[in-house]
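Taking it in order: structure first as structure tokens, then the write-up.
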4 protein chains.
Amino acid sequence: MRKRDDEKQHSIKKSVIQLILQEGFQGTSISKIAKLAGVSPATVYIYYENKEVMLRDIYQEYAEDVFDSLLHHLVPDMSGEQLIDVLIRQYYQYILENEEIFHFVDQFSSCPSLHEGCHALQGPKSLNRILLEYKERGILNDFNNENILSILFYPVKNIAIKPRNAEASSDELLDEMISIIRKALLK
Amino acid sequence: MRKRDDEKQHSIKKSVIQLILQEGFQGTSISKIAKLAGVSPATVYIYYENKEVMLRDIYQEYAEDVFDSLLHHLVPDMSGEQLIDVLIRQYYQYILENEEIFHFVDQFSSCPSLHEGCHALQGPKSLNRILLEYKERGILNDFNNENILSILFYPVKNIAIKPRNAEASSDELLDEMISIIRKALLK
Amino acid sequence: MRKRDDEKQHSIKKSVIQLILQEGFQGTSISKIAKLAGVSPATVYIYYENKEVMLRDIYQEYAEDVFDSLLHHLVPDMSGEQLIDVLIRQYYQYILENEEIFHFVDQFSSCPSLHEGCHALQGPKSLNRILLEYKERGILNDFNNENILSILFYPVKNIAIKPRNAEASSDELLDEMISIIRKALLK
Amino acid sequence: MRKRDDEKQHSIKKSVIQLILQEGFQGTSISKIAKLAGVSPATVYIYYENKEVMLRDIYQEYAEDVFDSLLHHLVPDMSGEQLIDVLIRQYYQYILENEEIFHFVDQFSSCPSLHEGCHALQGPKSLNRILLEYKERGILNDFNNENILSILFYPVKNIAIKPRNAEASSDELLDEMISIIRKALLK
DNA sequence: GATGAATGAGAGTTCATTCAT
DNA sequence: TATGAATGAACTCTCATTCAT
């Protein structure tokens, strides 16, 4: 009996993510994926029940990725300033360094018809605990976590995604963003 | 009086936007659109050169819509607090009241392969002028407009889109969000 | 607007029936059908919702055919001998002259998974009335119609279908069959 | 004691026959068969060269089955009445008790493209000898064996297969059928 | 302008079969 | 022997688009 070739599955995943960025969900077919991954179309169905399940599985695998990256860079006893700096800067960094994955996850989650049926992510839960702690220690203002998370990540995502059209350099924007959000969230 | 033509085209547009929300870009075909709009597939091609152009045209028509709505609610000589309140509250309101249009525009613009080739929007330019004015009058902090816009609209979009899962009511979240952003942006 | 081309549909039907005889249900694909009919695969779906419906529709159209042929050859006031002679001989004749249609109908109806969901045939009802009349006139023995019909048609079908392997000529077999069945059914 | 091998092959055969009844030849694939039989698709190819051979082999194994059953119930020196009674009643019984096998064999043999290339059955030969004997003893009318066999088995098959829709009970029909055929075939 | 018919191309998926263990 | 992995070919069906009226 042959055993499953993990490289094959990995190659399929990579191809999916790459194609979604290049061609969008519309332009991404099983046969294109298979061709790019160097396998037969039928092989895709060994690893995934069907196209929908495949996309959802891959989404759920990588949706946690950003959070892992963020949590990995947090260290105990950071100051409030440091916490915000690390979270935002790291999020920004992640987007730049993982363009394909990020856009795949982003496109997927902005499409209600794809998104429904996905189970909730784990990553935000850990973050919620950390925010709670900083609030209890009187460092963060006592806002709802949903608002805090929205303010922490969605503006920076926007400036990371958009192609810069002069006016201000990316670094300047990011630094300023951090200082604005510090002012907003810290006591 | 509306001409018959316009009714047909309007019906097509409505069908496109409705289907994109229900089924996503993938599940939206010309024949489904035509069926829902009550016209022949061939009729669609009288109004639009092809599917890609159709989507882009409709996108560009509605992409300005939010901004029109926002600008329409601004009055001269508002205080900084009022400005932020109106912009955020109105944006939130727009999303709730125009769910289909909003998601169509949002999905479209989060897909690079669709988005490229679209000419820049007019709406942000007007907003930029207004923000500039408030900065010059010493009401808004002197941040880059890109950062200001990112903070004004992206967090609230996030809380408007997500289905509420208890913890805090939508109204409470929105009120809090406004106060956070006021604190961040106003002097 | 183009109108439907009846020749196209007829050509599809002919191709289906021909292919089923040559290759069986297994070897009959939409693309083979389309190729033989000289149309595009997509055209088949203009006339039939899907393959299953197509086969069922064609079956139901031709399933009545034999009965029409039989009824067409009956004339009023035939004797019992004549009635049986005409029914059996004509049935035999029909099978020989409509080999493809007959085998299509026969194969279809011997496959339970295809057959279920087909509405009952009209043809037997007319025959039932006629048999009833001959029974009331004291010409036919008073057997159940189901038995009479089974004896009238199923043995002759068997000798019509099987390739003759000498022993007796087809004509002799048929003549003998008629005399046996006359003996069995007539008073 | 049965060897493990035979169990696997038997399990495959059972699955084939079951699936053919439920789903027809079209809906019966090697992988479905393997799944139902609890073996790997590759295992099927240890026992059968390919799908066509598999179906033919299984057909030829079971095609004799009915005849074995019939011959097994014949005893020497039966009267003509008894002979016909046993043959018809037993045939009827066989169909009811072996629905899956019977339909598999029936569907297979009604499909010319499958049937060709099968070697002739043994069963009919034994029956032929018996019929000959009864004819020589002056009990059966001197008809061609082909006609006798057609009349003996094809009508009863028809009433055994069809779901009863009132009018007459199955038992009544069967009894009547036997008496009709006795009248037809016996001196 | 408006239509339903028509289509080649391609979609997602399953097929019968073989490979490697 | 027995297996699950792997596959090219073929499947049914739908697509975006054009044709003919």
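Worth saying up front: this structure is predicted, and the values here are computed from it rather than measured. Quick note: numbers below take in every heavy atom, side chains included, and nothing from hydrogens, waters or symmetry partners.
Atom SG of A:C111 is separated from atom CD of B:Q107 by 4.0 Å, given to the nearest 0.5 angstrom. The CD atom of A:E116 sits 9.0 Å away from the CZ atom of A:R56 when rounded to the nearest 0.5 Å. To the nearest 0.5 Å, atom CD1 of residue D:I33 and atom CD of residue D:E23 are 10.5 Å apart. One distance of note links OG1 of A:T28 with CZ of A:F104; it measures 9.0 Å at 0.5 Å rounding. Note that the CG atom of B:L121 and the OG atom of B:S109 stand 8.5 Å from one another [nearest 0.5 Å]. For the atom pair CD of A:E52 and CD of B:Q26, the computed distance is 8.5 Å after rounding to the nearest 0.5 Å.
Within a 6.0 Å sphere centred on NZ of C:K51, other residues, nucleotides and ligands contribute more than 12 heavy atoms. More than 12 heavy atoms of other residues, nucleotides or ligands lie within 6.0 Å of NZ in B:K32, so this atom counts as buried by the packing criterion.
Atom pair A:Q9:CD and F:dA5:C1' shows a separation of 13 Å (rounding to whole Å applied). Separating the CG atom of A:D5 from the C1' atom of E:dA20 is a distance of 12 Å, rounded to the nearest angstrom. The interatomic distance linking A:E49 (CD) with E:dG12 (P) rounds to 16 Å, in whole Å. Residue A:I30 contributes atom CD1, which lies 20 Å from atom P of F:dT12 at whole-angstrom precision. The interatomic distance linking C:E7 (CD) with E:dA5 (P) rounds to 17 Å, in whole Å. Nucleotide F:dT1 holds its C1' atom 5 Å from the CD1 atom of D:I46, rounded to whole Å. Distance, D:Y45 OH to F:dA5 P: 17 Å, rounded to whole Å. Residue D:F25 contributes atom CZ, which lies 16 Å from atom P of E:dC15 at whole-angstrom precision.
Contact check, C:S29 against F:dC11: a side-chain N or O comes under 4.0 Å of OP1 or OP2. Residue B:Y47 places no side-chain N or O under 4.0 Å from the OP1 or OP2 atom of E:dG1. Within the 4.0 Å cut-off from OP1 or OP2 of E:dT17, not a single side-chain nitrogen or oxygen of D:K51 is found. Here B:S31 does not reach the OP1 or OP2 of F:dA16: none of its side-chain N or O atoms lies under 4.0 Å away. Residue A:R2 has no polar side-chain atom (N or O) positioned under 4.0 Å from OP1 or OP2 of F:dA6.
Remark: DNA chain F forms stems of 3 or more consecutive Watson-Crick or G-U wobble pairs, all pair distances under 3.5 Å, at E:2-21 with F:2-21.
One N or O on the side chain of D:S15 and one on the backbone of D:S11 form a donor-acceptor pair closer than 3.5 Å.
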Next on the checklist: Before you tell me yes or no, could you show the steps for A:N98 and A:Y62 under side-chain hydrogen bond (donor to acceptor under 3.5 Å, both in side chains), namely the whole-Å CA-CA distance, both residues' side-chain angles and the distance that decides it to 0.1 Å?
Outcome noted: CA-CA 11 Å; A:N98 303 276; A:Y62 286 105; over 6 Å; no
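Both B:Q26 and A:K3 lie near DNA chain F, and the one whose nearest nucleotide falls closer to the 5' end is A:K3. Sequence order on DNA chain F of the closest nucleotides to D:V44 and B:E52 puts D:V44 first from the 5' end.
The stretch residues 35-42 of chain D comes close to DNA chain F through D:V39, D:S40, D:A42, each having a heavy atom under 4.0 Å from the strand. A heavy-atom distance below 4.0 Å to DNA chain E is reached by none of the residues of residues 13-23 of chain C.
Ring pair C:F108/C:F25 is tilted by interplanar angle, where 30° to 60° counts as tilted.
Closest to the D:N50 side chain, of the nucleotides F:dC13, F:dA5, E:dT17, is E:dT17.
Salt-bridge formation is not detected for the pair C:D57/C:K13: no Lys NZ or Arg NE/NH1/NH2 atom is positioned less than 4.0 Å from an Asp or Glu carboxylate oxygen.
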